[in-house]
2 protein chains.
Amino acid sequence: METNEAGEAWDVLGDRSRRAIVTRLAERPWAVGELADELPISRPAVSQHLRVLKSAGLVDDEVHGTRRVYRLNPAGVAALRDQLDTFWRRALAGYQDLLPADRQPSETEPEESS
Amino acid sequence: METNEAGEAWDVLGDRSRRAIVTRLAERPWAVGELADELPISRPAVSQHLRVLKSAGLVDDEVHGTRRVYRLNPAGVAALRDQLDTFWRRALAGYQDLLPADRQPSETEPEESS
DNA sequence: GAGATCGGTAAGTTGTAGCTTACGGTTCGT
DNA sequence: ACGAACCGTAAGCTACAACTTACCGATCTC
């Protein structure tokens with residue numbers, strides 16, 4: 001089964017709010033209140049999402065006075081993308097030639113001749 | 001906002017059962033009853049998931065007598081992967097050097113000194 | 001044609017993820 | 001030291017997606 005390792009990746013980024021947070025954090029580090037001001041959810045909701053993201057290793061936090069600044073954790077991001085990549089590679093083993101990033105110059109598209 | 005286009009991809013594959021179905025369909029075409037026999041959910045549940053997958057363009061169905069055989073739609077799979085790839089590229093614009101499958105030798109590689 | 005097989009759909013239930021409000025702790029400013 | 005700013009956590013609510021049961025149509029077999 002694949003759900004144990006790769007499932008977490010889907011679960012973490014399966015939420016719209018968390019994806020929005022990750023998108024913001026990719027630009028620059030953000031404080032919790034700043035994120036809550038940008039997003040259509042309350043500050044505690046942001047806090048809870050950040051806890052999920054942190055437990056998944058996607059973000060790191062740094063205390064600056066009363067503020068807590070979150071930033072992306074590059075290693076965690078890479079690991080998560082690896083998990084998703086593993087899913088694609090394993091689940092779609094017979095369709096690897098369709099991976100867009102891996103497109104080879106030979107344009108032999110597998111056409112099912114039914 | 002990115003959720004409009006790429007959000008559907010996450011929503012479709014955000015479900016464990018649907019990922020399991022896609023994994024099975026990557027091996028070979030399956031009938032609905034066969035899938036339901038493999039998975040820990042009922043046949044109607046499988047049917048509903050297949051409807052979602054079909055409306056997303058991920059699978060195609062073919063009627064063989066009383067049986068309905070589902071198979072992966074390569075174009076839809078590629079499109080879905082493109083959507084996810086777009087998310088990673090846009091959301092993590094500053095972390096492209098961490099994409100495992102995309103390593104380009106021509107680009108300057110800022111190796112992380114951990 | 002009758003029964004059996006296969007699968008889609010409707011209707012209803014339920015578990016849970018996400019959200020809000022309320023509260024408490026910590027740190028900074030004055 | 002006192003109030004303000006900032007944030008985490010607890011508790012509770014709600015909406016929704018996933019699931020089940022029940023029913024029906026379509027197709028094959030005999």
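This one's a predicted model, so the numbers in the text were calculated from it and none came from an experiment. So that the names make sense, note that chain A is the first sequence line, chain B the second, and so on, each numbered from 1.
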Is a side-chain donor or acceptor of A:Trp30 paired with a backbone partner of A:Val69 at a separation under 3.5 angstrom? no
Rounded to whole Å, how long is the line connecting atom CZ of A:Arg67 with atom P of C:dG29? 12 Å
Taken to the nearest 0.5 Å, the spacing of B:Leu13 CG from A:Trp10 CH2 works out to 4.5 Å
So for the helix from C:dG1-D:dC30 to C:dT30-D:dA1, with five pairs setting each end axis, what is the inter-axis angle to 10°? 20°
With the side chain counted from C-beta on, respond yes when B:Ile21 and B:Tyr70 share a heavy-atom pair under 4.5 Å apart, and no when they do not. no
Take the protein atom CG of B:Leu35 and the nucleotide atom P of C:dG8, then report the distance between them rounded to whole Å. 10 Å
Listing time: all N or O pairs from protein to nucleotides 25-30 of chain D that are below 3.5 Å?
none

Find the distance B:Glu8:CD to D:dA17:P and express it as a whole number of Å. 13 Å
Check this one for me: any side-chain N or O of A:Arg68 less than 4.0 Å away from OP1 or OP2 of D:dG8? yes
Rounded distance [0.5 Å steps], CG in A:Asn73 versus CG in A:Asp60: 4.5 Å
Flag the pair B:Arg68 and B:Asp61 as a salt bridge only when some basic side-chain nitrogen lies within less than 4.0 angstrom of an acidic carboxylate oxygen. yes
One thing to verify: whether A:Glu34 and A:Arg24 come together as a salt bridge, which I'm taking to mean a side-chain N less than 4.0 angstrom from a carboxylate O. no
Can A:Asp85 and B:Arg81 be counted as an ion pair, charged N to O under 4.0 angstrom? yes
How far apart are the closest heavy atoms of A:Val59 and A:Leu72, and which atoms are they? CG1-CD2, 4.1 Å
Quick one: which of B:Arg19, B:Arg18, B:Lys54 gives a side-chain hydrogen bond (donor to acceptor under 3.5 Å, both in side chains) with B:His49? B:Arg18
Is there a donor-acceptor contact under 3.5 Å from the side chain of A:Thr86 to the main chain of A:Asp82? yes
Does B:Tyr70 put a side-chain nitrogen or oxygen below 4.0 Å from OP1 or OP2 of C:dC6? no
Identify the two heavy atoms, one from A:Val46 and one from A:Ala36, that lie closest to each other, and give their separation to 0.1 Å. CG2-CA, 3.8 Å
Distances for protein N or O near nucleotides 16-22 of chain C N or O, under 3.5 Å:
| residue | atom | partner | partner atom | Å |
| --- | --- | --- | --- | --- |
| C:dG18 | OP1 | A:Asp15 | OD1 | 3.1 |
| C:dG18 | OP1 | A:Arg18 | NH2 | 3.1 |
| C:dG18 | OP2 | A:Arg18 | NH1 | 3.4 |
| C:dG18 | OP2 | A:Arg18 | NH2 | 3.4 |
| C:dC19 | OP1 | A:Ser17 | OG | 2.9 |
| C:dC19 | OP2 | A:His49 | NE2 | 2.3 |
| C:dT20 | OP2 | A:Ser42 | N | 2.7 |
| C:dT20 | OP2 | A:Ser42 | OG | 2.6 |
| C:dT20 | O4 | A:Gln48 | NE2 | 3.0 |

Starting from C1' on D:dA5, measure out to CG on A:Asp37 and report it in whole angstrom. 15 Å
